[in-house]
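Each chain gets a letter, A, B and so on, in the order its sequence line appears, and its residues count up from 1.
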Amino acid sequence: MLDIRYIRENADRVQKSAQDKGYAVDVAQLLKLDEDRRELLQQVDVLRTKRNENAANLKDGKPDQATIDEGKTIKVELTELEASLKTIDDEYNALLQALPNITAMDVPLGGEEDSVEIKQWGKQITGAKDHLDFALARDWVDFERGAKVAGAKFYYLKGDLALLENAITQYALDFVIKKGFTFMTVPHMVNARTATGTGFAPRSQDQGDQYFIDGEDLSLIGTAEASLTGYHADEIIEEKDLPLLYAGLSPCYRKEAGTYGKHARGLFRVHQFNKLEMYAFTLPEQSVDFHEKILAIEEELWQSIGIPYHVINIAAGDLGAPATKKYDIEYWSAVDGMYRELTSCSNCTDFQARNLNIRVRREDGHIETVHTLNGTAVSLARSLIAVIEHYQNLDGTLQVPEVLRPYLGNRELL
RNA sequence: GGAGAGGUGACCGAGUGGUUGAUGGUACCGGUCUUGAAAACCGGCGUGGGGCGACUCACCGAGAGUUCGAAUCUCUCCCUCUCCGCCA
């Protein structure tokens, strides 16, 4: 959520950002509630002071009857006022929660089509064989049995393709560890507070992309970002310890409701895939630069694997609630002759951190909310598509990208 | 899953209805002392909200309740620990 003080002073920008993102919210209404709430809060405080003073009015350690009667009167009044406060408070909180983060100044306006390309790397070749046909021919993937055992969009990876996934994971892991990230395995389920604090839809909306565990306050994570955001919830981090960099490896579970037919074939959009996610807790003034740094790490990683790509600055209408700005790396699909999403990195500024109460104690002692950022190192299912499209041979074999060979027993060919 | 014991400030740990937002200790910060350091002594030291401010309100796992008054009593839930059961 946003800082109410910031909203008071920047109502127009908050309103505009929400609209640009496609959120129907009424900031004026929120500010009205904010005022009403503060006014009521003062009345409640006055009454509570009265109550406390009255209760402290003792003779020989006991109150007299008049004090008790007075206390009863105050209690009736207070109960009533507190009920009104709770009503207004709930409404206020609901509106506050519904506000998305503001967008950075350099975020393009518009929807998915309006994202701006800011860089290209590599050659746009075409004519490759579809990754699914290619993999099926080698008996490397089995969607039919995935469907039998779990359902549509579940799959088995087999043999060398499974080994390739493993190799990419290990390579990326070593790569980000060298960049200073601490490797973590994480809970694959999180509670509602963590999920909604990270920015995912609560169960009450019942749709969304998450799998909920029946009868439990748990949902399967759609990304390690959720588990990593919650890691420092309710903590005050010392300034000298920032930035804190983590790399979380986990499966990601997504319902992908309503996305059938859209890039549906093969491994591009599935219910479960593994992902190595970079995550950073930074000082507020560090996050903008750090966002560029995460992007640079992603680029360096994918260049080293040799996959052509471009980087786009995601338009406001395509940004999630927590992000103030997001870069996607889209790899060049040698099958489709177009760019398709491979990685994504976002600066969430203080939005997630405020939800989950993650703060920093500055050197001078004052306390403020930290900033959080996340970025994909490798999203495995899609990484496999990219590698198959760019390293396939006409005879159906697959060349191993040079940097991955040490992780595949130095094999050059699969 | 069953039985029991617990959840208090950065940490340890008092506190079972009435100036306790919380004794004491440790750590930390400032000062005295010292050539310097240590020790000793003195002082400071939770978070959040409201108010220009004096000040005030809330928070002792979470929520509800009892009471003039709750960290202290009751209920529900969550979590931790021990033992048993089960199990990669």
Side-chain angles (χ1 to χ4, degrees), chain A residues 1-9 30-97 185-197 202-204 212-219 227 230-242 244 250-251 281 284 350-351 353-370:
Chain A
M1 76 179 111
L2 290 170
D3 182 0
I4 186 63
R5 289 193 205 94
Y6 181 87
I7 299 170
R8 282 177 202 143
E9 286 163 24
L30 172 66
L31 289 177
K32 170 82 170 67
L33 276 171
D34 174 44
E35 258 179 66
D36 293 350
R37 179 175 165 278
R38 277 186 290 169
E39 199 179 307
L40 207 56
L41 196 60
Q42 281 188 49
Q43 292 175 32
V44 168
D45 275 1
V46 167
L47 216 52
R48 280 175 176 165
T49 308
K50 253 170 90 178
R51 176 199 63 194
N52 292 346
E53 283 169 352
N54 186 65
N57 181 17
L58 304 174
K59 287 198 186 83
D60 309 320
K62 294 250 172 169
D64 58 23
Q65 191 56 44
T67 300
I68 290 174
D69 290 345
E70 171 70 8
K72 285 186 179 178
T73 310
I74 295 172
K75 183 152 78 168
V76 171
E77 247 185 288
L78 189 57
T79 303
E80 208 174 298
L81 263 189
E82 281 179 335
S84 326
L85 181 62
K86 186 177 179 340
T87 305
I88 205 167
D89 215 35
D90 289 346
E91 207 182 329
Y92 164 82
N93 280 320
L95 278 186
L96 194 56
Q97 298 277 356
T185 60
V186 301
H188 297 174
M189 299 181 209
V190 295
N191 55 30
R193 181 196 178 211
T194 305
T196 55
R203 185 193 290 261
S204 58
F212 290 99
I213 305 299
D214 195 32
E216 306 266 350
D217 178 27
L218 289 171
S219 59
S227 309
Y231 186 70
H232 286 297
D234 296 319
E235 293 181 24
I236 297 176
I237 300 162
E238 297 300 326
E239 176 171 356
K240 64 176 167 52
D241 294 329
L242 291 178
L244 283 167
S250 80
F281 297 86
D350 58 358
F351 191 85
R354 182 166 299 101
N355 287 337
L356 291 173
N357 196 26
I358 308 168
R359 294 166 293 171
V360 54
R361 191 192 315 278
R362 307 302 298 240
E363 304 283 359
D364 67 7
H366 89 269
I367 287 169
E368 61 189 299
T369 305
V370 303

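Look at the C1' atom in both B/rA38 and B/rC45: the space between them is 22 Å, to the nearest Å. Remark: the separation of the P atoms in B/rG44 and B/rG25 is 13 Å, to the nearest Å. B/rG9 and B/rG53: their P atoms are spaced 29 Å apart (whole Å).
Rounded to whole Å, the distance from CZ on A/Arg48 to C1' on B/rU19 is 19 Å. Here the P atom of nucleotide B/rG49 and the CD atom of A/Glu35 are 18 Å apart, to the nearest Å. One atom, CD of A/Glu235, and another, C1' of B/rG46, lie 16 Å apart when rounded to the nearest Å. Rounded to an integer number of Å, the gap from CD1 of A/Ile237 to C1' of B/rU47 is 16 Å. Between the CG atom of A/Leu40 and the P atom of B/rU56 there is a distance of 21 Å, given to the nearest Å. Taking atom CG of A/Asp45 as the reference point, atom P of B/rC59 lies 11 Å away to the nearest angstrom. Summarising the geometry, the separation between NZ on A/Lys240 and P on B/rC28 is reported as 12 Å, rounded to the nearest angstrom. The separation between A/Asn54 atom CG and B/rU67 atom P is 16 Å, rounded to whole Å.
OP1 or OP2 of B/rG51 has at least one side-chain nitrogen or oxygen of A/Arg38 nearer than 4.0 Å. For B/rG50, neither phosphate oxygen OP1 nor OP2 lies less than 4.0 angstrom from any side-chain nitrogen or oxygen of A/Arg37.
A/Gln97 pairs by the side chain to side chain contact (heavy atoms under 4.5 Å, CB included) definition with A/Met1, A/Asn355, not counting sequence neighbours. With sequence neighbours left out, A/Gln43 forms a side chain to side chain contact (heavy atoms under 4.5 Å, CB included) with A/Glu39, A/Leu40, A/Leu81. Checked against ring pair (Phe, Tyr, Trp, His ring centres under 6.0 Å), A/Tyr231 has the following partners two or more places apart in sequence or in another chain: A/Tyr246. When the side chain to side chain contact (heavy atoms under 4.5 Å, CB included) test is applied to A/Asn93, the partners found at least two apart in sequence or on another chain are A/Asp89. Listed by chain and residue number, A/Val186, A/His188, A/Ile221, A/Ala224, A/Cys252 satisfy the side chain to side chain contact (heavy atoms under 4.5 Å, CB included) test with A/Ser250 (two or more places apart in sequence, or in another chain).
Taking for each of A/Lys86 and A/Glu53 the nucleotide of RNA chain B with the nearest heavy atom, the 5'-most of the two is the partner of A/Glu53. Across the interface with RNA chain B, nearest-nucleotide mapping of A/Thr49 and A/Gln42 shows A/Gln42 to be the residue nearer the 5′ end.
One distance of note links CD of A/Glu216 with CG of A/Asp214; it measures 8.5 Å at 0.5 Å rounding.
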Table of protein N/O atoms under 3.5 Å from nucleotides 69-80 of chain B N/O atoms:
residue	atom	partner	partner atom	Å
B/rG69	OP2	A/Lys75	NZ	3.1

Using nucleotides 6-12 of chain B, report all nitrogen or oxygen pairs with the protein that are shorter than 3.5 Å.
none

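If you check B/rC83 for Watson-Crick or wobble pairing at under 3.5 angstrom, you find it paired to B/rG2. Searching all strands for a Watson-Crick or G-U wobble partner of B/rC60 with both distances below 3.5 Å returns nothing.
Donor-acceptor pairing under 3.5 Å is recorded for the side chains of A/Asn357 and A/Asp234.
Within the 4.0 angstrom heavy-atom criterion, only backbone atoms of the sugar-phosphate kind lie near A/Arg5; the bases stay farther away. Within 4.0 Å (heavy atoms only), A/Ile367 reaches sugar-phosphate atoms of the nucleic acid but no base atom.
Within the structure, the side chain to side chain donor-acceptor pair (under 3.5 Å) test picks out no pair touching residues 71-81 of chain A (sequence neighbours left out).
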side-chain contact (heavy atoms from CB on, under 4.5 Å) between A/Tyr92 and A/Ile4, worked out: CA-CA 10 Å; A/Tyr92 164 82; A/Ile4 186 63; 3.3 Å; yes
What pairs of donor and acceptor atoms, side-chain ones from residues 46-54 of chain A against any protein atom, are under 3.5 angstrom apart with sequence neighbours left out?
residue	atom	partner	partner atom	Å
A/Arg48	NE	A/Glu82	OE2	3.0
A/Arg48	NH2	A/Glu82	OE2	2.8
A/Thr49	OG1	A/Asp45	O	2.7
A/Asn52	ND2	A/Arg48	O	3.4
A/Asn54	ND2	A/Thr67	O	3.0

